[in-house]
Each structure stands twice: as structure tokens, then as C-alpha cells.
Protein chains: 4
Amino acid sequence: MTQNIAILGASGYTGAELIRLIAGHSSMKITALGANSKAGQSMAEVFPHLRHLDLPALVTIDEIDFSQIDLCFCALPHKTSQEVIAALPKDLKIVDLSADFRLRDPQDYAKWYGNKHAAVDVQKEAVYGLTEFYREEIAAARLVAGTGCNAATGQFALRPLIAAGVIDLDDIILDLKCAVSGAGRSLKENLLHAELSEGYHAYALGSTHRHLGEFDQEFSAVAGRPVQVQFTPHLVPANRGILATCYVKGDAQVIHETMQRAYADEPFIEVLPFGEAPSTRHIRGSNFCHIGVVGDRQTGRATVVAALDNLTKGSSGQALQNANLMLGLPETEGLMVAPLFP
Amino acid sequence: MTQNIAILGASGYTGAELIRLIAGHSSMKITALGANSKAGQSMAEVFPHLRHLDLPALVTIDEIDFSQIDLCFCALPHKTSQEVIAALPKDLKIVDLSADFRLRDPQDYAKWYGNKHAAVDVQKEAVYGLTEFYREEIAAARLVAGTGCNAATGQFALRPLIAAGVIDLDDIILDLKCAVSGAGRSLKENLLHAELSEGYHAYALGSTHRHLGEFDQEFSAVAGRPVQVQFTPHLVPANRGILATCYVKGDAQVIHETMQRAYADEPFIEVLPFGEAPSTRHIRGSNFCHIGVVGDRQTGRATVVAALDNLTKGSSGQALQNANLMLGLPETEGLMVAPLFP
Amino acid sequence: MTQNIAILGASGYTGAELIRLIAGHSSMKITALGANSKAGQSMAEVFPHLRHLDLPALVTIDEIDFSQIDLCFCALPHKTSQEVIAALPKDLKIVDLSADFRLRDPQDYAKWYGNKHAAVDVQKEAVYGLTEFYREEIAAARLVAGTGCNAATGQFALRPLIAAGVIDLDDIILDLKCAVSGAGRSLKENLLHAELSEGYHAYALGSTHRHLGEFDQEFSAVAGRPVQVQFTPHLVPANRGILATCYVKGDAQVIHETMQRAYADEPFIEVLPFGEAPSTRHIRGSNFCHIGVVGDRQTGRATVVAALDNLTKGSSGQALQNANLMLGLPETEGLMVAPLFP
Amino acid sequence: MTQNIAILGASGYTGAELIRLIAGHSSMKITALGANSKAGQSMAEVFPHLRHLDLPALVTIDEIDFSQIDLCFCALPHKTSQEVIAALPKDLKIVDLSADFRLRDPQDYAKWYGNKHAAVDVQKEAVYGLTEFYREEIAAARLVAGTGCNAATGQFALRPLIAAGVIDLDDIILDLKCAVSGAGRSLKENLLHAELSEGYHAYALGSTHRHLGEFDQEFSAVAGRPVQVQFTPHLVPANRGILATCYVKGDAQVIHETMQRAYADEPFIEVLPFGEAPSTRHIRGSNFCHIGVVGDRQTGRATVVAALDNLTKGSSGQALQNANLMLGLPETEGLMVAPLFP
């Protein structure tokens, strides 16, 4: 049976990535593409790399007949997303890719995002979209809140260790290296090729990045006590990829075994042999996440490194994985495409 | 029915690209991977981005039992390829990705490649692998010689125009911009990131590039008279892509119409609306070729621009397209994956 | 004697490049930096790479006391520049880096730039700033109009050949590959790192790029008859550099000798040995221009390739070279810094 | 008075960088260039970006008459360097850029580099070349051992803090992001553009990188007790730059004040305002080091970030700075060139 799919926010990178992935999906059909700012244009104009696909033209969200839609992906900017979703039919299945429904406590949302949440009731329905850890809830959910791409990477690296109690919870350092597409298609001076391409830098220092809201919420829930990590993201001159280097205190071998056990049956998480570390180039364009564990020369310390593609496993791939579950389809459908290298 | 596939030269970029594409093919199974220099290693070691696939380990070519193989891709360096293929079973279907069987006249081969051809008899069997123009011969062939990646790009841009006689055959200029993966995984100083990444240059100037052998052979055959283009390739700091900018004399509208007619039914060739030009970023990682035609301010002159991915449509994608034909499978099977952008 | 220098448009790339170069100049002192949009900020905020320099803060142009200024560089956008310069003191020495005073005929300006020229009288004073060909006029000028960066590159490659009559004037093809900083610090989607970095494309096809106004004006003047080149620029994923590949008809050896003679005494133009071609990576960050001449396999055809840095020799370096002449200083002062490689 | 300079290892990146810098030095003259593997070639062949300079051709080291040399830079690979230097005149002033004389204890050398030191006596003469901390010893030295580029960056960020006792010495984490030129011009698969350019990864995990020998030696000496940092370098797709992100425990304001005090009079070290962080793009091609200090949301934790150019301040710039001191010249001579941006 064909599932009719709508994508709101189809003119951004996560929207385009959804289309790329769904183009290889055996039972989904894209029947509506919403993008208010570019309504009236064809996808060939907005994203010429999708020119070969038979896709509907972009329309305003108001023009979409949601009664014909089985599932709607919402790839809009945060704040806009909550307003749009609040106005959608209450029984429509939705995977939201924005930050709007990730934090369960509206006060946490207000603290990290600086504005009052406009759809608190809808928030109550939302399931946090980290598939590997919320699989059953997602399968039963109407609304799934996709995770932050940094938040996903950090959690893949740390969540099983916190759950198993094999690392010191008060001394976790998370040094992230992010590629530029994570910042979206927005016109900012620091995202220009001439500004970005030959240098790199840390930003949101002092643990001020918004994805910390997710780390705090999830790690504390898993640990059953407050956990705060020290987190610094860096912007690196590449288009896709997040590399999380985590410095933890614990037994490296135990950490590796814990990791292997946690992900033994996961189709997209590859735990490397002990002592090996991943590279973003080897997961590029795919839904895979590679994780490595290495012991330090100082006993009782270890480094855990996770790599994924921010647009795929960190965002649109995760969204499709969740949509598969919500629609009762095989979880990996449309997502087994191999990484692109070189 | 599953087709058993062998790939020789599996540790190079075109070998890895074949594996990436075949991983998404519904009826091919890779049963042997030959790579003499890395025999004994797993693909996860040689190409960690293919780690998630269930692949045989690399072996020497001698170790492969070709009686179980339905079709063999040969992704070896030129000169090695002809020696290896000469020793393979005479009824084995082979798609060769090297330069060894592209030129029909052994003297042309000797002229452009600097050594005597070692398998002249086998050469006689070979069909030139530019699918869109040799489809029937390829379907019936035992041995198909994949084209040069530059040669493919230039031919997609010019071949229909030469065949239709709508451009001046004595004044064709072909300015190519090639990405670095076309040079393979070889250790050369000028391919180092620090050497290449922030600059670009012309090479093989004066129409001395080996792919001219193919242009001469094919364009002259199509025209029924000798045709020589002036051809300069440039090396550009990107990993995938070839952009051919062709300067021709003729009526731009007629050229565009000729192009549209020639490729109207082709699944992988997209002729853009008149006046638009393609970009390599929009075909990256895919088997598509985008072609644009623009008229010049000087009447009677036009610019034709073609873009494709050298590793896919220019090499391994073309090879798989040909293999599909040779095995009686749908030509597009495994090849409709969308480009990766950004 | 110290020369007091003002720079208008100090928050753009050509402004910053002027400051970088003047920082190494023995007798210029920057006493005013104008940048209306960022007035009040320090250069350390606008361009942190200039943080170590002792520079005045940015001010609005109105705030500058031009009576204390010996020479003013005007690095403003075109159209703005003509308005600002028209209002500056009539005896102030000015090097303009915009397009506003390059075309002598106001009708040419209107044709290529789409608006009526607002300072036709001032235009009459302007000397075209291609130093190597207008040296004496520049030394005597009050107002020098810096050339387009593409226009400079193409002229270095072709001007001596047109002047000497050694090439066919009716069949000149100019294929340019430009780096991204030539587009300035403007917020355009196609200049984002994620859009640009892994692909390349032709733009302004059909000989519609504005720098053709300069080519037409200059080449026709040199030839004493109308000359029109066919010109296609391409945008390449690098930050600095222009590579001009020129396809011409003429005797390659004669062309090379003509080139060597023309530039024998030039401090910044290096003609390579016959048969060699330049690379943008070898002139990066410098005021040098490298030129190569190669003969084609078809007798009577040649390829001429010129490489320079668009921000230096193509713009701010040229401007400083001209300013040196206008102030009676050694022409090379502040400009002999070696290229940065890798 | 002109100082005659020899450079051994002139065909590598640090050799070329020395030439680039010395080309702008007022009193040094390069009189000999040694490069055994490329002897007989001109610098224009080996490094075309230095084509405009009047330089001696490359010769073998044996051919150099060291009696005419005032100071010799030795930019050879480690292990080769100690053998060559042991055979040079005993009164020749030498700045070595290799790893061979950095570690005072030959056993430390053997441990980190895997071979016995071949010039233990010469080692005793060597002064560690971190200019800002060994200025007087360097001025009096015959042989100065240039530091590792990573080692320099980490020490600029941490040394004043360890010396002042304002951070916890048992919990220092050093996450480095290195550009590719630090690996030199060597032909390694992982340094190819196609391999490196679109991804990034950690290497030498578990605190196994050789530059840890320098950190251990220097930090322990400064602290007066053993200090071991946890150190992970990452390879990033850029050509120049090192960014050190240091996670430390201490009062962020005190750390910032300590840093400001330590570097108040340093011409090349810029401590940014509290809360700001540096970028490698803003020191590219220069001898400057930018340092930022930011407090974490968790009281008692801070992040210190240092950025420098590995080829300049991390290697050849440092070497020239030391040579200036050894020759009694102004320390900053030839080194004040502004960074290249964009």
C-alpha cells in the first residue's frame, strides 16, 4: 500500500534530504511539498539535483489537503514549526524535524530558545525521536520530535554508558566537530564559502549551545539524577558530518563491551573494534553511525568517538526511520543506501 | 535470478563505487573481490564506508573461481587490464573500466598509451561502452570497454551535434574541468590535499590528453570524416564531477533542439531548458548527466555545457548500466539513486 | 615622507586586502577607514585577522576629514562609488576599485550596468588602471579606475597578442575559472559553503558578463577595430584565484615570443617557459601574474593561460601599485610579498 | 650586515615557508639550499610559487660550504636531522625544525620515536625553541630545537596556567584540530585530496601522539611535578592551522587574567577579550597566535582555545624568530606579515 507523504519546509536542506531518501523508498509517495517562501516554484528550480524526480510543485502550507496525507514531515524552522503543527489536523501523523517538541518541560524550552512555547498541549503528545532508545513509543506515536543533530551524536556516544553506570557522571566532556550544512541554508556571513572554507573555530563555548537542553533532559532521565556535560561544538569546513569526541572516566574495555552490547542488534549503529576510531567521511550521505572506543595512557580514562551525517542519521534519515515505525513499515526501508566516498 | 558478480581491482575508487551501486541492486550479488595488492584484507579495512555490507574478503585474482561468475567488472589500471582479461575464460562476460579496449585500432592504442597492445585479439571482441549510442551492441557483447570519464562527458555534449551536422566540425573547443577522484587513489604529489585544495590549473595542454584518442575515433566515425577537437582538461579542487564547456559554431536554437531530440528517451540524460547551464554539484554521486545549451552574443556561436560524476556516469555507473544490458536486466536497475547535495 | 591614506569600503574583502598590503608598506599610513554599515566598529571586530594592527576605528564617510588625506582608495560597490566620488574634494587623489569609471563611454556603462552614470564629468578624468599598459597616464592621474579582476586576467593573456597582430582577432575564446572571493562578502545563497564547496559551474554564459565591456573597449582600442571575444566565467570552489584559458589561432612560438617581449621588464608578470602552464595556487595572496603558452596538436592553434589572485593583482594589489605611481613612490613598494603555498 | 643563510630540506613545506618569510627579511640572504632528493633542480621547479625570487639552485648537503654560512636552518625529517647535524661544523649556528633535539632525555626520545638517538652529545647543547619561554637561552644558543607544531599550540594555551598554578594539574584535556600541511609533503593515501577533503577524524588516540613527549617534559618542568595531559589530535580538511581546545578546571576569570599577564608584552600572542574564541582563519599565513578563554556553565570549569598556523608560528615562523635572536637581530624582523584572509 502506498503511503501519501507531505513535506513542509521543502526548500531547506533537511527537506531536500527527505526527498532524496524517499525517492528510494518502496512504498512512500510524496504528494505535497510545502514551502511558503518559494511556493509556485518547481523542485527543479529550488534544488536542481532533484530534477529527475516526478515531484509536485511547491505550494503554501494552506494549499495542502491534509485529509489525503498519511504522514507529514515538518522541516520548518523552530518556532514556526510549533505554530504550524498546532494548526494541523489533530489526527495527522507528524514527524517534526525542528527543535520545538524535543524538550518536555516548556520551561526548559523557554530557557534554551528564549521564547514561550506556543503549543504546550501538542508538546504533551510528542515522543522524543531518538529511534534506538524510543522505538516502541515512536511506533505508537502521532507526533515524533526529531532530535538535534549534535544531540543525536552525543547520545549515541554516551547514553549506553550513562545507563550502565560505567563512567563518572560528573566529568563528561563532549567536543564536537560539525559540518556546515547543520546550519541550514540561511544567509549568514560566517557560512559563506570565502569565510568558512579554510579555517575552523569553536562556537557556543561555555556549554551554551541549545542542544544541551536535550543532553540535560535525556542524560538525567537515564541516570536518574542530574547530569551536566561540558560541551563545545566546532565548525569545520566540510558540508556533512558530525564527529563527537567524548572524554570520559571509566574502564575502556568495559566501556567498549557496554557499547557493543547496547548496539548489537541495531541496523545503523556500527561499533568499531576496540582501539579504532571513526571518520565522518565513511558515513557521509548515509544513515549509519560509527562509534569507536579507545583507552588512554592514563588508566581509568577513555575516549569515545561517534560519527554520523547530520543531514541523514542526525536529521532526515532519523525522521524517515521514525516514519517507517509510525506507519508499520520495515524500519530500514529507504535507508540502507551506502555512504558516498570519496 | 541472482547474478554472481566479480570485481577485479576492488581497492580503487571505481571498484568501491561499483560496490556502492551494486549494494542497491535487486538481483546482483558480489561473490568475489579481487585486489592483488590488498589480498587478505576485508573491505572494511580498505574502504571503511562499506563496512556495513556483507562482502567477501579481498583475494588475488588467481584465487577466483570464474566458473561461478555471471559477469566480471575489471577495474584495474590500464595495461594490467589487458593482460588479466586475456587470461580470463573466453566466455566470461566482462565490463572493463580501463583504457585498454576503448581504441579499436591497436596503432591508435600504441600512439596514445605508449606501449604495444598485448591482447589484440580480445580487442576485436570489445564494444565501446557509451551506452546511449551503442545500446544494442552492448546488449549482445561479451566484452564491453568502458569509456574514459572525460571522453564520456565530451561525447554527451557533442556527439548528437556532430551526427546531425549542426556545428562546424573544424572548430570545436572543449574545455574540461575535472575533479580529483578521476586520477584514482594513486600516490602522487600533485594529488595531495595540501597541494591541490586551494588552487586549480590546466594540464595535458595542447590536446595531448589520452582521451583524445576516443574523441578522434568516435567523432570521426560519426561524422564520416576526420574530426579533431581542441581539448584542455583542468584539475579543480573537488572530489567528484566533470564539467565540459564546449565552444561551437552553429545555431544555438537548432543545437538545443538537436540535443533535446537526441536524448528525449534517455533515462539518465537531462537536457536543461534553453539558456540554462548545469553544475557538477547537482549530479554528484548519481548516474545522471545534465546538459545545457546557451547562445552567444555573436550570432552563430553557442556554448554547450555537460556535467556528470566521473566515478558514476563517467565510469562505474556506466559500467553497471552496461552490465544490466549484457545480463538482460532493466537498464536502470541500481542506478536511480538521487545525487547527494549538499 | 609618510602618505596619509583613507580607505572607503573597509568592511569588504578588497578593503581588507588593501589594509593587509599597506601594513607592509614603508611609507603609507592608514588614517581613515570608512564603512557606513559598520561605522563605530573596530577592524578587529570586522576582520579579526587584522587584530594585531594599530588601525583607526571604522567611521561613516561623512566623518572623514579628506583635507588630511594624500590618497583615497574607494572599495565601495559599483553605483555607490560614483555617487561618493562625485562628492569628494576635486583635488583628492583617488584609486577606485569599483566598476564605475572603467568604461569611458557612458552609454557602454549604461548598457552593461543597467543604470545611467551619475558622474559623467568625473568619468572624463579617469584613467583605466591596468598598470602595465597605462603606467604613464596613471602616474599623472588624479583618478584611476581599477579594472575588473576577470578583465585584468584576460587582458594580461591577450592584450600583447592583439597589439602585435599575431592572433586571429575574430576567433578568441576566453574560458575563465574564478574563485569565490571575487563575488565579495555578499549574502547570496550560491556563495554559501554548503552550496559551493563541492561543485562548480559556468555562469553569465553567452558572453553576458559585465567585464566584457572592458574587453570590448580595450581590445578594440588596441586593435584599432572592433574585437569581440567569446567569454564564459566559471565559479570554482576555492577562495582566491582566476585562471584564464584562452584559445587562439596563431603560431604558438610567435605568441610565446611576443609575450616574453611584452613583459620582459615587468616586475609582476612572469612568462613561463614555452609549453608550461600556470596554477592559481602559485600566485595566491601575491601580486604576481603567471602566464603560459602552449601549442596545440593542430598547427596554427595555441592555448594561453594566465593566473592571478583576484583580490591582489586583480584588485587591491593593482590598486596599491597604481597608488604608488600616483604618489611618486617605487611601483613595487609593499607588493613583493611571496605567494602563500600551501 | 647581511647574514648568510642555508636551508637544509628546502623541498619540503617548512623549507618553502622559511624561504617565503626570509624573502621579506631585511638582512638575511639565502646562499644555500640543500635537498638531496631534488638536487640539481631550481626552486621554480620544486615550488613554482617562489619563482619570482632570485634563489640558488638546490644542491646536496655535501656540496654546501658551511664556512660561509652564518646560520643554518635544518628542515629535514626526524632521524635524518640528527645524523646531518652531527656532521656539521661544531660552531655553526643551527635552528633545527625536526623532532630530534626537542626531548632532553635520550630515553624519552627513544620511547616516543622508537629509535636510539644518534647524536646524544649534540643534544646536550640544544635549547628548546619555544621562544616566548626560552628567549634568553635561545639568544645565547648555538643549536635551537624547534618545537612540534601541536606542542607549541598546546603550550601557548596551557603553560602560563600550569606555571601559575591556577588549574587542576590532574585533569587537563587537550583536543586538537590540525590542518593537513602539518603532515608534510609525504605521499600517504590518507593525505590525498579525495581521501581527506570532505571528512575529518581523530588519530593517535589514547594519548599516543609523539608531541606528548614535549608536553610531559615541559609541563612537568614548569609544574615541578609530573603532569600528564589527555591529548587527541584530529585531522581537518584545511591546509594550515591548529586549533587547541583545552578543557581545564579553575576559575575562568583568573585564568584569563593569568593569560593576559603572561603575554602582555609578546608581539605575536594575542589574548582575546574574555569570552571570545579564536579561529584558525584569522592567523593563517602569519606568526600570530590568538588565545581565548571562556567560562563554563559549571562553575570552576573553563575552556581555553589557542589558534596558530602550524607552518608559521608552529614551525618556520618560530624558527625565524629564534634565528633573529641568535643573530642579535630584532626578534620580529620578517615576521610581521598579516594573515591571509579570505
Side-chain angles (χ1 to χ4, degrees), chain A residues 170-171 173-175 177 179 190 192-208 212 228-232 234-241 243 245 247 249 252 275-284 292-298 301-303 305 307 339-342, chain D residues 170-171 173-175 177 179 190 192-208 212 228-232 234-241 243 245 247 249 252 275-284 292-298 301-303 305 307 339-342:
Chain A
D170 294 318
D171 225 349
I173 284 165
L174 184 40
D175 188 286
K177 294 86 179 168
N190 72 318
L192 293 174
H193 186 279
E195 301 281 322
L196 186 72
S197 67
E198 293 164 12
Y200 39 101
H201 64 281
Y203 67 100
L205 286 108
S207 301
T208 59
L212 271 168
Q228 287 201 321
V229 301
Q230 188 172 0
F231 166 42
T232 311
H234 298 73
L235 194 56
V236 162
N239 283 345
R240 286 172 175 253
L243 192 81
T245 311
Y247 297 92
K249 291 178 177 163
E276 292 187 19
S279 166
T280 61
R281 63 179 60 77
H282 297 137
I283 45 74
R284 191 180 157 82
V293 177
V294 187
D296 193 70
R297 61 171 176 169
Q298 296 182 66
R301 290 172 181 257
T303 313
V305 187
L340 191 73
F341 173 85
Chain D
D170 295 318
D171 225 348
I173 284 165
L174 185 40
D175 187 285
K177 294 87 179 168
N190 72 319
L192 292 175
H193 187 280
E195 301 281 323
L196 186 71
S197 67
E198 294 163 14
Y200 38 101
H201 64 280
Y203 66 100
L205 284 108
S207 300
T208 59
L212 270 169
Q228 287 200 322
V229 300
Q230 188 172 358
F231 166 42
T232 311
H234 298 74
L235 193 55
V236 162
N239 282 345
R240 285 171 176 253
L243 192 81
T245 310
Y247 297 91
K249 292 179 176 162
E276 292 186 18
S279 166
T280 61
R281 63 180 61 79
H282 297 138
I283 46 75
R284 190 178 157 83
V293 177
V294 186
D296 193 71
R297 61 170 176 169
Q298 296 183 67
R301 289 172 181 258
T303 312
V305 187
L340 190 73
F341 174 85

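A, B, ... follow the sequence lines: proteins, then strands. Residue 1 opens every chain.
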Original post:
Do you know which of D:R297, D:Q298, D:H234 has the most heavy-atom pairs with chain A at a distance under 4.5 angstrom?
Top reply: D:R297

**OP:** Select, from D:L212, D:V305, D:I283, the one with the greatest count of heavy-atom pairs under 4.5 Å involving chain A.
**Re:**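 It is D:L212.
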
Among [options], residue most engaged with chain D (heavy-atom pairs, under 4.5 Å):
options	result
A:S197, A:S207, A:A194, A:P342	A:S207
A:V229, A:L192, A:N239	A:V229
A:T303, A:D175, A:I173, A:V236	A:D175

Subject >> side chain to side chain contact (heavy atoms under 4.5 Å, CB included) evaluation trace for D:K177 with A:T245 >> reply: CA-CA 11 Å; D:K177 294 87 179 168; A:T245 311; over 6 Å; no

Is it the backbone or the side chain of [X] that comes under 4.5 Å from a heavy atom of chain D, or both, or neither?
X	result
A:A179	both
A:Y203	neither
A:N190	neither
A:L243	both
A:P278	backbone
A:A307	neither

Original post:
Are side-chain N/O atoms of D:T280 and A:H201 paired as donor and acceptor at under 3.5 Å?
Top reply: no

**OP:** Could you look at D:H282 and say if it's the side chain, the backbone, both or neither that has a heavy atom under 4.5 Å from chain A?
**Re:**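 No part of D:H282 comes within 4.5 Å of chain A.
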
Atom of [X], atom of [Y] and distance for their closest heavy-atom approach:
X	Y	result
D:A238	A:Y200	CB-CE2, 3.9 Å
A:A202	D:A277	O-CB, 4.4 Å
A:G206	D:V294	N-CG1, 3.9 Å

Original post:
Hey, does the side chain of D:R281 reach the backbone of A:E195 with a donor-acceptor pair shorter than 3.5 angstrom?
Top reply: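 The answer is yes, because a donor-acceptor pair under 3.5 Å joins these two groups.
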
**OP:** Kindly determine whether D:D296 and A:Q228 satisfy side chain to side chain contact (heavy atoms under 4.5 Å, CB included), including the steps that lead there.
**Re:** CA-CA 11 Å; D:D296 193 71; A:Q228 287 201 321; over 6 Å; no

Original post:
Do NZ/NE/NH1/NH2 and the carboxylate oxygens of A:E198 and D:R240 come within less than 4.0 Å?
Top reply: no

